[in-house]
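One structure is given below, encoded as structure tokens.
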Amino acid sequence: LNWQVSTGASLLARIFEQKTTDEIAFNRLDTSCVPFGCNTNLDPTRRKGVELESRVKWQYGFSSQAVVQYVDARFRRQAL
């Protein structure tokens, strides 16, 4: 949802859901790959959430942006 409040101000709202199966993440703390870390395969994951974004254009070329996001992430069972 995108709402143009005025010429220089807008609000955005996003609702999302993501299901990943073959995701790779960099794990800097993995002690088997000292000193640099390793890529790690993650278990299947489901993420869903809401994101709110506000943009305002001010005078003299200044602008501001604020983003707030809530995410609920959980590992899901992989189908056999």
Side-chain angles (χ1 to χ4, degrees):
L1 177 64
N2 187 357
W3 180 32
Q4 192 71 35
V5 179
S6 67
T7 304
S10 65
L11 294 172
L12 247 70
R14 296 179 185 96
I15 299 172
F16 61 90
E17 182 172 2
Q18 173 189 19
K19 292 181 182 177
T20 57
T21 301
D22 296 316
E23 184 175 12
I24 297 174
F26 180 71
N27 185 353
R28 173 79 169 89
L29 303 176
D30 190 338
T31 56
S32 65
C33 299
V34 174
F36 300 111
C38 292
N39 287 334
T40 303
N41 293 325
L42 298 178
D43 291 334
T45 308
R46 188 226 5 104
R47 293 176 184 88
K48 62 181 179 177
V50 175
E51 182 175 275
L52 302 174
E53 180 178 319
S54 170
R55 295 180 184 198
V56 178
K57 291 183 182 177
W58 305 96
Q59 292 180 350
Y60 310 111
F62 291 102
S63 63
S64 62
Q65 177 178 349
V67 179
V68 177
Q69 185 180 73
Y70 169 78
V71 178
D72 178 31
R74 298 175 190 254
F75 291 115
R76 56 187 176 90
R77 292 181 51 170
Q78 187 171 13
L80 298 177

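Counting from 1, the numbers follow the sequence of the chain as shown.
With a 4.5 Å cut-off on side-chain heavy atoms, Thr21 and Arg76 count as touching. Side-chain contact between Val71 and Phe16 is present, with heavy atoms from C-beta onward closer than 4.5 Å. Between Cys38 and Asn27 the shortest side-chain heavy-atom distance does not fall below 4.5 Å. Here the side chains of Arg47 and Thr20 are in contact, with some heavy-atom distance below 4.5 Å.
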Next item on the list: Under the side chain to side chain contact (heavy atoms under 4.5 Å, CB included) rule, what do Val5 and Arg55 come out as? Steps first, then yes or no, please.
Entry: CA-CA 10 Å; Val5 179; Arg55 295 180 184 198; over 6 Å; no
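Rounding to the nearest 0.5 Å places CG of Leu12 at 7.5 Å from CG of Leu1. For the atom pair CD of Glu17 and NZ of Lys48, the computed distance is 6.0 Å after rounding to the nearest 0.5 Å. Here the CZ atom belonging to Phe75 is positioned 6.0 Å from the CG atom belonging to Leu42, to the nearest 0.5 angstrom.
Side chain of Ser6 to backbone of Gln4: no donor-acceptor contact under 3.5 angstrom is found.
Closest heavy-atom contact between Phe26 and Phe36: CZ-O, 3.0 Å. Smallest separation of non-hydrogen atoms from Leu11 and Asn2: O-OD1, 3.4 Å. Across all their heavy atoms, Trp58 and Ser63 have their closest contact at CD1-CA, 3.8 Å.
Other residues, nucleotides and ligands place no more than 12 heavy atoms under 6.0 Å from the CZ atom of Phe62.
Salt bridge present: Asp72 and Arg46 bring a charged side-chain N and a carboxylate O closer than 4.0 Å.
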